[in-house]
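Here the structure is laid out as structure tokens; the discussion comes afterwards.
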Amino acid sequence: MNKNTFVIITIIGVLLSACTEYQPPVINKEKILAELSLSSNGKTEVVKNFPKNFPEVLIDRGNPTVYTRENSNNFEYIGMPVGGIGAGQLYLGGDGQLWFWDIFSLNHEMGQLKGEEAYQYPYERSKPNEKGARMIHQGFSITAKFQGKQITKKLNREGFKNIEFIGQYPVGEVNYKDDDLPVAVKMEAYSPFVPLDLDNSILPATVFDFEISNTSNQEIEVDLNAWMENAVLVDSKSKNKNLAGELVNKVVDITKNEKRIIYSAKNVNDTIKNALDFGSMSLTLLSKEGTITSTEKNQTQKLSDSLALVGKLSNTILIKPKTTHKATAILTWYFPKTLAALNKWKGQSWAAQDHGHPGADTTRYYARLFSNANKVASYVSENYNELSGNTKKWHKTWYNSTLPYWFLDRTFLNTSILASSTISLVGDRLYYGSEGGNQGPGTCTHVYGYTQAPGRLFPNLEKSIREQVDYVPISEGGALKENGEVHFRWFNMGMAVDGQSGIIMKSYQLHQVSSDDSFLKKNYASIKKIMNGLIDHNDADHDGILTGPQHNTLDAAWYGKVTWLSLYYTTALRAMSEMAKEVGDNEYAEFCLATADKGRNYVEEHLFNGEYFIHEADSLHLDSPGTYTGLEYSQLLGQSWAYQVGLGEVLDYDKAKTALESMWRYNFTTDVDAFRKAHPTGRWYAMPGEGGIIACTWPRGGSEALEKGDPRFAAYNNECQNGYEYAATSLMMRHGMPYHSLAHIWYMDQNRYHGSKRNPYCEIEWGLHYARSMASYGHFISVSGFEYHGPKGYISFAPQITPHDFKSAYTSSEGWGTFEQKQTYDSQTNKIAVSYGKLQLKTLMLETHIKIDDIDIKIDGNTPKFTYEKDGLRLKIQFEKYQTISATKTMIIEIDS
């Protein structure tokens with residue numbers, strides 16, 4: 001196979017003329033382990049001691065990760081976000097208990113939540129109100145009446161001994177079964193999550209689907225009980241013990257089979273009505289069978305009363321032997337005010353009149369769709385079949401794959417950051433985020449520039465920040481200066497060069513995930529202005545290399561010629577060139593491409609030391625912070641982004657491969673302990689005994705560079721930071737090192753973020769649920785070799801592992817589904833199925849080793865007209881007319897020799 005799809009395999013069976021049965025390839029274990037185990041020869045303090053199941057575990061499908069009491073420290077850390085996107089944070093514990101109720105917008109200032117210390121000292125369930133992790137009275141229980149006995153057990157670790165948790169975001173499944181109870185319970189918890197359908201994925205709601213099975217040989221009467229405290233004004237009443245007003249729990253019969261409790265407050269003054277925790281909640285229980293009852297019709301309690309006002313619903317049913325009863329509970333909330341987007345920075349409040357923007361609309365977007373929690377509950381209930389069906393359809397589509405379960409988990413679960421306290425969806429669907437938790441406001445361009453998941457799954461999120469902030473002049477409330485520079489924190493924080501390049505890359509990605517060219521045409525002038533802003537500020541001589549002060553995500557202005565920043569810049573130039581060509585701005589397209597080529601040449605000829613790419617010093621700023629002779633893990637970020645958007649190789653392939661191999665040799669370690677003992681400064685994002693890619697090592701000396709600039713910022717180079725690591729190793733997947741890429745993901749999932757020691761769903765950098773970790777989705781794009789350009793009707797697949805038997809999900813501008821490939825020595829079959837929406841194709845690109853004699857293509861039994869051409873392994877199929885594959889339909893491509 002060519003260098004882009006190189007997979008280390010040995011073919012079993014010789015293809016003799018008499019051969020009648022195809023033998024699939026198997027991995028060469030010894031060779032792979034030798035390459036994974038490349039030694040630093042003492043030049044850096046890294047070790048490589050892999051477990052015995054390497055490397056087979058890296059491609060084996062395996063089984064879903066199941067957490068139990070025994071392997072999760074009694075479910076102490078697990079917390080999967082199960083709220084809507086930007087609607088507040090709510091955790092599902094591994095035992096099914098909800099915790100960390102951050103739905104009230106109360107934790108909006110830095111310091112109210114844990115920050116970087118949360119990796120070393122993670123949140124624990126046993127400390128229910130630790131630093132912002134609010135807990136309220138809520139839960140479910142099961143009561144079984146049998147053989148003259150009545151047993152009630154809570155659906156959590158207090159009630160059941162035997163609990164299993166399978167957390168495949170967005171659906172968390174919890175199974176309960178004890179020997180002393182002839183009833184087994186399965187609970188699936190989720191908030192509606194439908195890629196491409198943002199409005200149905202931002203609901204302030206959590207759905208619980210129950211299956212209650214009678215495992216005995218006799219009929220059993222069972223109660224499913226659900227209860228919740230009225231938590232309206234939960235913070236306000238704790239701070240004012242004499243608060244006037246009442247809490248109200250109102251029970252409403254929706255239908256014969258559906259009952260709801262609406263939680264609210266009344267008789268409060270106008271000041272209290274403006275409190276962040278003033279709003280409403282609801283709890284609904286519905287079932288097609290049995291009866292649904294409530295404790296009381298209505299409940300009222302003074303706000304000054306310290307007791308919790310708890311409302312309870314029950315579903316009673318007679319379950320026949322060996323049968324299963326189904327019921328659903330819906331929890332909703334409505335606390336639309338938020339201060340998250342007021343852009344407070346280290347004690348300062350950036351007022352609109354001083355800084356040219358309104359500080360963002362401080363109302364959550366869901367308030368434009370609903371007026372209270374009851375309205376949310378009614379919408380979810382009335383549209384349950386569609387919302388639940390499409391959520392579970394996506395879940396099934398994602399996991400209906402040949403890829404390892406742990407890989408699918410880790411590359412997708414960081415999408416749950418969208419449903420954490422990090423993200424707020426405010427105003428007119430504005431995607432606003434901190435860096436992590438409540439640390440670092442302003443949807444920071446140099447952090448969010450690494451993320452891959454939002455642009456693929458919910459393009460309207462990325463579109464909102466571009467069209468409401470980055471492309472909007474400061475005078476109109478945006479972040480765009482007259483000279484084309486974009487404030488990297490929206491408000492008055494100047495330009496970050498990597499953030500500026502990221503805006504260009506994300507603009508190109510947004511164009512590609514559109515169904516037509518309207519987005520590009522509408523915003524081209526602003527995108528070009530932003531590109532020119534970076535050119536004019538840092539590349540006035542148009543040589544393709546950034547110079548002068550280069551503020552970046554490592555929180556300092558670097559000087560000199562930095563491979564990382566300049567290669568990222570030249571990749572942005574190439575993306576800009578492609579956009580310019582598509583709108584007919586050919587002269588500018590040629591200028592951008594020519595400038596990028598000059599930069600590439602300089603990087604290849606002057607910044608490559610034979611092993612990796614470096615940072616060339618500026619003789620006028622020798623005290624500038626930087627990595628200089630160090631081996632830094634973001635050096636090839638531009639090439640990583642290039643593969644994500646189909647720009648191909650933007651740097652000499654062999655030199656880039658050598659640099660990646662050096663990065664693995666010198667920076668990857670299965671245990672950071674030795675390195676951190678030698679380099680003790682920096683924060684802990686990988687503890688002793690844990691593996692990762694170290695930010696910067698010094699195989700050729702030069703670590704004195706860490707003495708330049710702010711010591712705290714310089715110490716970043718001693719750390720392992722997830723998002724940067726993902727960007728580097730997703731590149732390895734596309735650049736001939738798939739097992740290295742997989743090994744890193746394995747260590748992230750099964751070592752650093754295993755549920756036995758911290759929350760698997762909360763990756764930490766400077767704060768909780770750190771946004772940059774959404775770069776993990778880039779691995780998924782890379783493993784299938786996926787490329788897409790909606791306006792051109794172009795889609796491409798090139799599986800990087802097990803190409804003989806490969807299956808994975810994909811998303812497009814108007815739909816999503818599954819790609820499948822099977823190969824033998826003389827044939828190949830590809831299937832492109834659509835599960836949701838539609839896919840429009842004009843050009844299909846595949847890879848095949850087959851010497852083609854015939855190609856047959858069918859869509860729902862029909863054969864479209866097409867032509868094809870093959871160049872090496874690349875097969876290009878061009879359809880005469882646009883082909884539309886609608887939901888539930890499949891395109892089948894048969895290739896024979």
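Treat the numbers as computed from the prediction; the structure is a model and nothing was measured. All heavy atoms count here, side chains included; hydrogens, waters and symmetry mates do not.
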[X] vs [Y] side-chain heavy atoms within contact, under 4.5 Å:
X    : Y    : answer
V82  : Y169 : no
F100 : L90  : no
D305 : L247 : no
I142 : D223 : no
Q97  : L155 : no
P459 : L196 : yes
Q89  : Y91  : yes

Can a side-chain donor-acceptor contact be found between [Y] and [X] if the only test is distance below 3.5 angstrom?
X    : Y    : answer
N315 : H325 : yes
T143 : Q150 : no
D95  : N156 : no
N107 : D102 : yes
S105 : R364 : yes
E130 : Y123 : no
S236 : D277 : yes
S280 : S264 : no
E173 : N175 : yes

Can a donor-acceptor pair be found, under 3.5 Å and without considering hydrogens, that links the side chain of [X] to the backbone of [Y]?
X    : Y    : value
T206 : Y190 : no
N759 : G79  : yes
Y761 : G167 : yes
T391 : L387 : yes
E765 : G115 : no
N240 : N242 : yes
S191 : A205 : yes
Y263 : E229 : no
S420 : T422 : yes
W99  : I136 : no

ask   = Taking it one step at a time, do K337 and N274 satisfy side-chain contact (heavy atoms from CB on, under 4.5 Å)?
value = CA-CA 8 Å; K337 300 182 185 67; N274 286 318; 3.9 Å; yes

request  = Identify whether NZ of Lys or CZ of Arg in K186 sits under 6.0 Å from the centre of the six-membered ring of Y176 and within 45° of that ring's axis.
outcome  = no

Is it true that [X] and [Y] have ring centroids separated by less than 6.0 Å?
X    : Y    : result
F335 : H108 : no
F75  : F165 : no
F370 : Y379 : yes
Y753 : Y119 : yes

inquiry  = For the CD atom of E246 and the CG atom of L309, what is their distance to the nearest 0.5 Å?
reply    = 11.0 Å

Do the side chains of [X] and [Y] get close enough for a salt bridge, i.e. N-O under 4.0 angstrom?
X    : Y    : result
R683 : E116 : yes
E763 : R772 : no
K154 : E158 : yes
K127 : E124 : yes

If you compare all heavy atoms of [X] against all heavy atoms of [Y], which two are closest, and at what distance to 0.1 Å?
X    : Y    : result
Y366 : W333 : OH-CD1, 4.1 Å
Q138 : L331 : CG-CD1, 4.4 Å
V183 : A144 : CG2-CB, 4.2 Å
G427 : Y365 : O-CD1, 3.4 Å
N230 : N249 : ND2-OD1, 3.0 Å
M774 : P454 : SD-CG, 3.7 Å

Should we say atom [atom1] of [X] is surrounded by more than 12 heavy atoms from elsewhere, each under 6.0 Å from it?
X    : atom1 : value
K131 : NZ    : yes
K375 : NZ    : no
K757 : NZ    : yes

query = Using 30° and 60° as the class limits, which term best fits the ring planes of W490 and Y432: parallel, tilted or perpendicular?
reply = tilted

Criterion salt bridge (Lys or Arg N to Asp or Glu O under 4.0 Å) on K153 and D178, from CA distance to verdict = CA-CA 10 Å; K153 294 194 175 193; D178 279 351; 2.7 Å; yes

Side chain to side chain donor-acceptor pair (under 3.5 Å) evaluation trace for S378 with R260 = CA-CA 10 Å; S378 294; R260 180 175 304 151; 3.0 Å; yes

task = Any chance you could lay out the side-chain contact (heavy atoms from CB on, under 4.5 Å) test for D209 and K392, step after step, and finish with the verdict?
result = CA-CA 11 Å; D209 290 334; K392 293 180 180 180; 2.7 Å; yes

Stepwise side-chain contact (heavy atoms from CB on, under 4.5 Å) test for Y334 and V232 = CA-CA 9 Å; Y334 188 85; V232 175; over 6 Å; no

message = Test salt bridge (Lys or Arg N to Asp or Glu O under 4.0 Å) on D199 and R368; report intermediate values, then the result.
response = CA-CA 11 Å; D199 277 8; R368 295 198 176 197; over 6 Å; no

task = Could you please spell out the steps behind the side chain to side chain donor-acceptor pair (under 3.5 Å) verdict for S287 and N257?
result = CA-CA 5 Å; S287 174; N257 302 106; over 6 Å; no

key: Residue of the set R69, R125, R758, R157 for which salt bridge (charged side-chain N to carboxylate O under 4.0 Å, His left out) holds with E76   = R157

ask   = Where do S294 and K312 land on the side-chain contact (heavy atoms from CB on, under 4.5 Å) test, with the steps shown first?
value = CA-CA 6 Å; S294 61; K312 178 181 176 181; over 6 Å; no

inquiry  = Between F193 and F458, does the ring-ring contact (aromatic ring centres under 6.0 Å, His included) criterion hold? Intermediate values first, please.
reply    = CA-CA 10 Å; F193 183 99; F458 298 100; 5.2 Å; yes

